[in-house]
Each structure stands twice: as C-alpha cells, then as structure tokens.
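Here the structure comes first, spelled out in structure tokens, and everything after it is commentary.
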Amino acid sequence: DQQVKQNSPSLSVQEGRISILNCDYTNSMFDYFLWYKKYPAEGPTFLISISSIKDKNEDGRFTVFLNKSAKHLSLHIVPSQPGDSAVYFCAATQMNTGNQFYFGTGTSLTVIP
Amino acid sequence: NAGVMQNPRHLVRRRGQEARLRCSPMKGHSHVYWYRQLPEEGLKFMVYLQKENIIDESGMPKERFSAEFPKEGPSILRIQQVVRGDSAAYFCASSQVADHRDTQYFGPGTRLTVL
C-alpha cells in the first residue's frame, strides 16, 4: 500500500537547467511534506519541507510546490549542479497522529556537467 | 557534534541466526525512529521509541522483530531467526523533539544480507 509515489525512478538534467522532481500521494489526511536527499552509502538528509497550509516554500535553489487538490508536490532545483546528483525521496506525514513518515520510492537525479 | 551513528554498517547472517542493529542518536536527542528500505522501495517506518519506552510500533512486523532504547546505551533493533526477506537497509533517525517533522536526522544505515 504505497501512499506516496514517485513515478520517475530516474531523471537526467544538464548543469544549469531546472530539475523538477514529482511526487503524488493518496492520503488526503497528510498535512506535512518533506524532501530528503540521499547519497550512496549514506542516510537521507533533510532538504526542504512544506506544510499543507502553504502551496510553496523556497530555500535557495530549492523550491517545493504543493497542489493539495491534485495531491501532488514537486521539487524544483534551479540551477542544477553536478553535486545535486543523488536520490531524492519525498515523504509525507500527518502531524498530529503519530510519527510515521511515508516515503516514496525515490528518484535518482543525475546532473550532467 | 557527531551525527547519528549506526553499527555495524554491513551485517551478514545465515537464515535462522539473530541480527542486532545498533543506533546511537545525536547528542541531546531522546527520540529514535527505525526505518527499513527493501530493494527498489522507499523507506518504511518501523518503530518510534523514546528512552525506555516504545511509543509507536505500528510498522514493526509482529513476529521476530523487537526494538529497545534503554536508559543507557544505544537503541537496538533485534531480528530473530532471520529469513532472506529481511535483507534490506535499516536506517535509524533521531530527533530532539517529536513535533517537528523536519528534524529527524538519519544515520548511514545498516545493510543486512541474509544468506
């Protein structure tokens, strides 16, 4: 029962261009969403988050957009850099009912120099 | 300030043996979470513990798996009588408080291989 889905297992982007990573969820009760970045042989590292009361959150080169009606969020990286090459996981949770994060299966981003 | 530490990084067990995975949270963190990542899948929540207490174990398999976080020492995830399907990467995360979802810091994981 995959409540958070990342349908693109991989994405390649030229350095300097925009990377757009997508994530869909099925549980309308989710009210907090996060993106994590993971390098090989390391644990995930928190990148950016968004509450359901917002539709956009920006932090430097990273922007997360939330479309609640479509149950869809996306992560935009502009401009993309080779060091951004990693696996990106989106995660969702319901803030007041426990501490489970539901993770997507990840998208492997390759930024080509 | 050391991050979340997990050991061993790699663990190989034969079917039927026991696996013990250790997690030392970041200094000052009293909340520990365990996740499992099966091949080609995302991380799946297993259990949430505070010192000496299991708060939420809804993601934990009902048999063979147990977790503890004693007053002193690391958190332990224990898998008894391992089977091949237990082969996965097990990640531990810790947080200082329980109500800020973006402050779970992850360890590097333990990769368990069951032969």
Side-chain angles (χ1 to χ4, degrees), chain A residues 1-10 21 23-27 29-54 57 59 62 64 75 86-108, chain B residues 2-10 21 23-26 29-50 53-60 67 69 88-111:
Chain A
D1 178 24
Q2 191 71 23
Q3 298 191 50
V4 177
K5 298 178 184 178
Q6 293 176 257
N7 292 319
S8 297
S10 62
L21 294 92
C23 178
D24 297 291
Y25 60 96
T26 57
N27 189 340
M29 301 301 290
F30 288 147
D31 55 10
Y32 201 79
F33 305 88
L34 310 92
W35 283 94
Y36 277 80
K37 177 179 177 179
K38 185 180 180 302
Y39 293 116
E42 295 184 12
T45 304
F46 168 74
L47 197 56
I48 192 168
S49 62
I50 188 166
S51 163
S52 60
I53 62 174
K54 293 185 174 182
N57 188 27
D59 183 3
F62 302 91
V64 56
L75 174 69
V87 177
Y88 289 79
F89 291 96
C90 77
T93 190
Q94 198 176 338
M95 278 199 287
N96 294 322
T97 61
N99 301 277
Q100 288 198 35
F101 282 14
Y102 294 86
F103 281 84
T105 51
T107 296
S108 178
Chain B
V4 177
M5 296 170 65
Q6 290 187 250
N7 69 82
R9 294 292 303 275
H10 300 274
L21 289 67
C23 169
S24 296
M26 285 181 70
H29 287 192
S30 59
H31 304 264
V32 167
Y33 313 80
W34 284 94
Y35 292 84
R36 174 167 68 173
Q37 184 181 20
L38 294 168
E40 308 303 321
E41 294 187 15
L43 286 77
K44 289 194 176 354
F45 169 83
M46 299 181 75
V47 62
Y48 160 46
L49 310 102
Q50 291 181 31
N53 289 306
I54 297 175
I55 306 302
D56 180 355
E57 57 181 347
S58 57
M60 195 88 111
F69 188 17
Y90 292 82
F91 291 95
C92 163
S94 74
S95 68
Q96 192 169 28
V97 296
D99 59 354
H100 291 89
R101 296 301 185 263
D102 58 348
T103 53
Q104 284 191 23
Y105 295 89
F106 281 81
T110 293
R111 277 144 188 85

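When reading the values below, keep in mind they use all heavy atoms of this one structure, side chains included, and skip hydrogens, waters and symmetry mates. Naming convention: chains lettered A, B, ... in sequence-line order (proteins, then strands); numbering from 1 in each chain.
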**Fill in**
Tightest non-hydrogen contact, residues Gln37(B) and Lys38(A), listed as OE1-CE, 4.3 Å

**Message:** For chain B, which candidate among Ala41(A), Ala91(A), Pro9(A) shows the most heavy-atom pairs at distances under 4.5 Å?
**Reply:** Ala41(A)

**Request:** Quick one: do Tyr35(B) and Phe103(A) satisfy ring-ring contact (aromatic ring centres under 6.0 Å, His included)? Show the steps, please.
**Result:** CA-CA 10 Å; Tyr35(B) 292 84; Phe103(A) 281 84; 5.5 Å; yes

**Message:** So Tyr36(A) and Phe106(B), do their side chains get closer than 4.5 Å, heavy atoms only?
**Reply:** yes

**Message:** Report which part of Gln6(B) has an atom under 4.5 Å of a heavy atom belonging to chain A: side chain, backbone, both, or neither.
**Reply:** neither

**Message:** List the residues meeting salt bridge (Lys or Arg N to Asp or Glu O under 4.0 Å) with Glu41(B), not counting sequence neighbours, and say none if there are none.
**Reply:** Lys44(B)

